[in-house]
Amino acid sequence: MGKLIDEFRKGWQGAAPPSLGLSISFAIVCLLAATLVRWGLAQVRPDIYFTPYFPAVFFAAALGGFRIGVVTALIGGVLGVVLNFGDAFADRARFALLALYWAVCAITIWGVEHYRTMLAEQRRISKRLIEEEEYRKLLVEELQHRLKNKLSTVHAVLHQVLHDHPQVWARVDPRLRSLAATDDLISRIDKGGCDIRDLLISELGPYGHVRFTLNGDRLFLPPKLAVTLSLMFHELATNAGKYGAFSSPRGLLQVSWTISDDRLTITWDETEGPSVDKVSEPGFGTKLLKSALSSFDGRTEISYLKTGLHCIMQCRIPRSE
């Protein structure tokens, strides 16, 4: 009995097609119930012939599909003509109502079948998205694992090469450890989020804590926003190390943020870096910075000043995820 109920539940929800026997049995039950209702209504109105069979056709088609719905409609029409619960007998008016009944049943069955098709397609897409999300998580975890192993290998090789140069190693070692700590933080915030100050310190730490200042109150970032901002901070910090403030011995960076209602504004301001004479065509990094916050009702403005890069990031902070 439990197996039968489970099969009915899955068939009704569209998770799995029910067996032919269950579909036929359910259609028979619907017809019997409709006939019983018709008998009860006949005690008040004997001229009600087909109305009770509309729900029977709808429910039979919803569970069993197009063919079961058509058969149920045909049988319901025959029962409406043949069975008499009063003194009235079949006449032209009843046959005219029969034609109208079958026309309405055809529209009903078409609508139910269209809904079933849409539901099946939605379930197929949902299943595919779930599978792709699981694959993405597996791939990201594997890439994080390989990155950690490569960083450990680089750390070991450099330690061996610089064994006779302790002063150089003392400068390289903390930076490599800071990079490793940043990778660990990225893997954690995808699940639980983090504080914006911790995120910035983790991203900017490898360049030296005396090279940047942070101004703003403590703010916890939800996971999705934290991951998005980490990608943007990483891109900005990488560019600062290649072309901006961190590429110059005197270069400095100031990052500040303010909150107004649910809006977050972050200002990235580089000074004392190389002057930007010519801006190249936007690459992947620039496109990432411009579009990353769009899902949070945000935008990014980038200005190349004589003093260095100036970037303003604005977005909405999600209430919950």
Side-chain angles (χ1 to χ4, degrees), residues 1-139 321:
M1 188 62 182
K3 183 178 180 180
L4 186 63
I5 294 175
D6 185 62
E7 181 183 356
F8 177 83
R9 179 182 59 81
K10 291 182 178 179
W12 184 257
Q13 294 177 351
S19 62
L20 181 61
L22 178 61
S23 300
I24 294 176
S25 300
F26 182 70
I28 293 174
V29 171
C30 291
L31 287 170
L32 291 176
T35 303
L36 182 62
V37 171
R38 181 189 166 200
W39 174 81
L41 293 175
Q43 308 306 316
V44 182
R45 290 287 302 271
D47 57 345
I48 297 179
Y49 309 117
F50 305 104
T51 303
Y53 294 106
F54 285 120
V57 174
F58 174 83
F59 288 114
L63 180 70
F66 174 80
R67 296 179 180 178
I68 296 297
V70 170
V71 173
T72 304
L74 292 175
I75 296 177
V78 172
L79 291 176
V81 173
V82 174
L83 293 181
N84 295 299
F85 296 111
D87 298 334
F89 293 94
D91 53 9
R92 292 182 179 179
R94 188 180 300 194
F95 285 104
L97 291 175
L98 174 62
L100 181 62
Y101 160 77
W102 275 338
V104 175
C105 283
I107 297 174
T108 302
I109 294 171
W110 174 84
V112 172
E113 188 65 18
H114 181 67
Y115 172 78
R116 282 166 53 89
T117 303
M118 291 179 58
L119 183 61
E121 180 66 13
Q122 183 181 17
R123 287 185 175 276
R124 185 188 68 81
I125 295 175
S126 299
K127 182 180 179 182
R128 180 180 176 183
L129 289 176
I130 291 174
E131 292 175 350
E132 290 183 354
E133 178 66 15
E134 292 176 350
Y135 175 75
R136 182 194 69 82
K137 289 182 178 180
L138 179 63
L139 184 61
E321 294 188 356

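In what follows, every heavy atom counts, from backbone to side chain, and hydrogens, waters and symmetry copies are set aside. Nothing here was measured: the structure is a model prediction, and the numbers come from that model.
Atom CG of L36 is separated from atom CZ of R38 by 12.0 Å, given to the nearest 0.5 angstrom. To the nearest 0.5 Å, the span separating CD1 on I48 from CH2 on W39 amounts to 14.0 Å. Atom CD of E132 and atom CD1 of I125 lie 11.0 Å apart (nearest 0.5 Å). Note: Y53 OH to T72 OG1 = 12.0 Å, rounded to the nearest 0.5 Å. The OH atom of Y49 lies 12.5 Å from the CG atom of L83; values are rounded to the nearest 0.5 Å. Atoms CG and OG, from L63 and S25 in turn, are 10.0 Å apart once rounded to the nearest 0.5 Å.
Considering every non-hydrogen atom in both C30 and A56, the closest pair reads O-CB, 3.6 Å. Closest of all the heavy-atom pairs between V57 and G69 is CG1-O, 3.9 Å. Minimum interatomic distance between G77 and L98 (heavy atoms only, all atoms of both residues): CA-CD1, 3.5 Å.
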task: Determine, step by step, whether I130 and K127 satisfy the side chain to side chain contact (heavy atoms under 4.5 Å, CB included) criterion, reporting the C-alpha distance in whole Å, the side-chain angles of both residues, the deciding distance to 0.1 Å, and the verdict.
output: CA-CA 5 Å; I130 291 174; K127 182 180 179 182; 5.8 Å; no

- request: Start with the C-alpha gap between E133 and L129, add the side-chain angles, then the distance that decides, and say whether side chain to side chain contact (heavy atoms under 4.5 Å, CB included) holds.
  value: CA-CA 6 Å; E133 178 66 15; L129 289 176; over 6 Å; no

Donor-acceptor pairs are to be reported for all side-chain atoms of residues 100-109 against protein atoms at under 3.5 Å, with residues two or more places apart or in another chain.
unit_1 : atom_1 : unit_2 : atom_2 : d
Y101   : OH     : A73    : O      : 3.2
W102   : NE1    : A73    : O      : 3.0
T108   : OG1    : V104   : O      : 2.9

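Within the 4.5 Å cutoff, the side chain of V112 has no heavy atoms near those of the F66 side chain. By the 4.5 Å heavy-atom criterion applied to side chains, R45 and T51 are not counted as neighbours.
Salt-bridge check for R116 with E113: passed, with a basic side-chain N closer than 4.0 Å to an acidic carboxylate O.
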